[in-house]
Amino acid sequence: MKRLIALLIAVAALAGGFTALAPRHAAAQQAAAIFVTKIPAGYREWRLISVAHEEGDLHSFAAVVGNDVAIKAYREGKLLFPDGTIIAALHYRHVPSEENNKVFGREQSFVAGPPTNIQFMVKDSKKYAATGGWGFGHFQDGKPSTDEAMMKSCFVCHQQMKARDLVFTRYAP
């Protein structure tokens with residue numbers, strides 16, 4: 001009987017030790033997270049923050065949109081975005097519009113062509129502490145990027161905008 005009690009105490013102590021370790025392990029994993037791997041629901045319904053036109057290798061148009069938290073922060077001119085802010089950049093190749101150019105009588109109109117990718121920035125100062133409080137996501141055809149080197153470059157690039165809480169896009173009222 002004493003052996004059975006000793007065995008039960010040992011099992012309980014061991015189980016308690018594993019339970020105590022589990023939250024620390026989960027917290028460490030969460031603190032180390034820097035990538036957004038799930039597309040935020042409803043992003044196509046968010047409000048416009050601005051538009052972007054990038055030449056060079058990118059040769060794209062982007063509609064930059066934000067959730068309600070992002071829009072409120074932009075409108076209030078906050079330099080530090082609050083947790084819960086989500087900013088999305090919907091990128092498209094730009095192509096000439098033959099239809100519009102016929103009306104204008106020359107080539108001057110460009111419209112959104114095929115989509116290239118969607119990028120997200122998600123503000124969660126605890127979960128993404130290692131990357132200035134922001135998680136970065138890059139999706140093509142609805143799938144998250146698996147290129148870890150490219151994803152790590154997001155923070156490196158955005159770090160140059162530290163004075164603006166790592167956000168490049170300014171609000172276009």
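- Counting heavy atoms of neighbouring residues, nucleotides and ligands inside a 6.0 Å radius, atom CD of Glu55 exceeds 12 of them.
- Among residues two or more places apart in sequence or in another chain, the ring-ring contact (aromatic ring centres under 6.0 Å, His included) test is passed with Phe139 by Phe120.
- Here the side chains of Ser145 and Met150 are in contact, with some heavy-atom distance below 4.5 Å.
- Take Phe110 and apply the side-chain contact (heavy atoms from CB on, under 4.5 Å) test, not counting sequence neighbours, and it matches Phe61, His94, Pro96.
- Contact of the Ile71 side chain with the Ile49 side chain is registered, since non-hydrogen atoms from C-beta on lie closer than 4.5 Å.
- Looking only at distances, no side-chain donor or acceptor of Asp124 sits under 3.5 Å from a matching main-chain atom of Asp83.
- In this structure, the side chain of His158 engages the main chain of Leu166 through a donor-acceptor pair within 3.5 Å.
- Trp134 contributes no side-chain N or O that, together with a main-chain N or O of Phe155, makes up a donor-acceptor pair within less than 3.5 Å.
- Residues Asn101 and Gln108 have side chains in contact (heavy-atom distance under 4.5 Å, counting atoms from C-beta outward).
- Annotation: side chain to side chain donor-acceptor pair (under 3.5 Å) contacts involving residues 61-73, sequence neighbours excluded, comprise Lys72-Glu76.
- Summarising the local packing, CG of Asp141 is surrounded by 12 or fewer heavy atoms from other residues, nucleotides or ligands at distances under 6.0 Å.
- Closest approach of Met151 and Gly137 over heavy atoms only: CE-CA, 3.8 Å.
- Of the inter-residue distances, the one linking Ile86 atom CD1 with Met121 atom CE reads 11.5 Å to the nearest 0.5 angstrom.
- Residues Glu148 and Lys152 are paired through a salt bridge, judged by an N-O separation under 4.0 Å between the basic side chain and the carboxylate.
- At least one side-chain heavy atom of Thr169 sits less than 4.5 Å from a side-chain heavy atom of Tyr74.
- Nearest approach of Pro114 to Val95, heavy atoms of both residues: CD-CG1, 4.4 Å.
- Put simply, Tyr92 and Val65 are part of the same group of oily side chains (I, L, V, M, F, W, Y) that touch within less than 4.5 Å, one to the next.
- Scanning both residues, Trp46 and Ala88, for their nearest heavy atoms gives CZ3-CB, 4.1 Å.
- The hydrophobic cluster containing Phe81 does not contain Val69, counting ILVMFWY residues as joined when their side-chain heavy atoms lie under 4.5 angstrom apart, directly or transitively.
- Hydrophobic clustering (ILVMFWY, side-chain heavy atoms < 4.5 Å, transitive): Phe136 and Phe168 are in distinct clusters.
- Between Arg44 atom CZ and Ile118 atom CD1 the span is 7.0 Å, to the nearest 0.5 Å.
- Taking the side chain as every heavy atom from C-beta outward, Lys123 and Asp165 approach each other to under 4.5 Å.
- One finds the CD atom of Glu107 at 12.5 Å from the NZ atom of Lys102 (value rounded to the nearest 0.5 Å).
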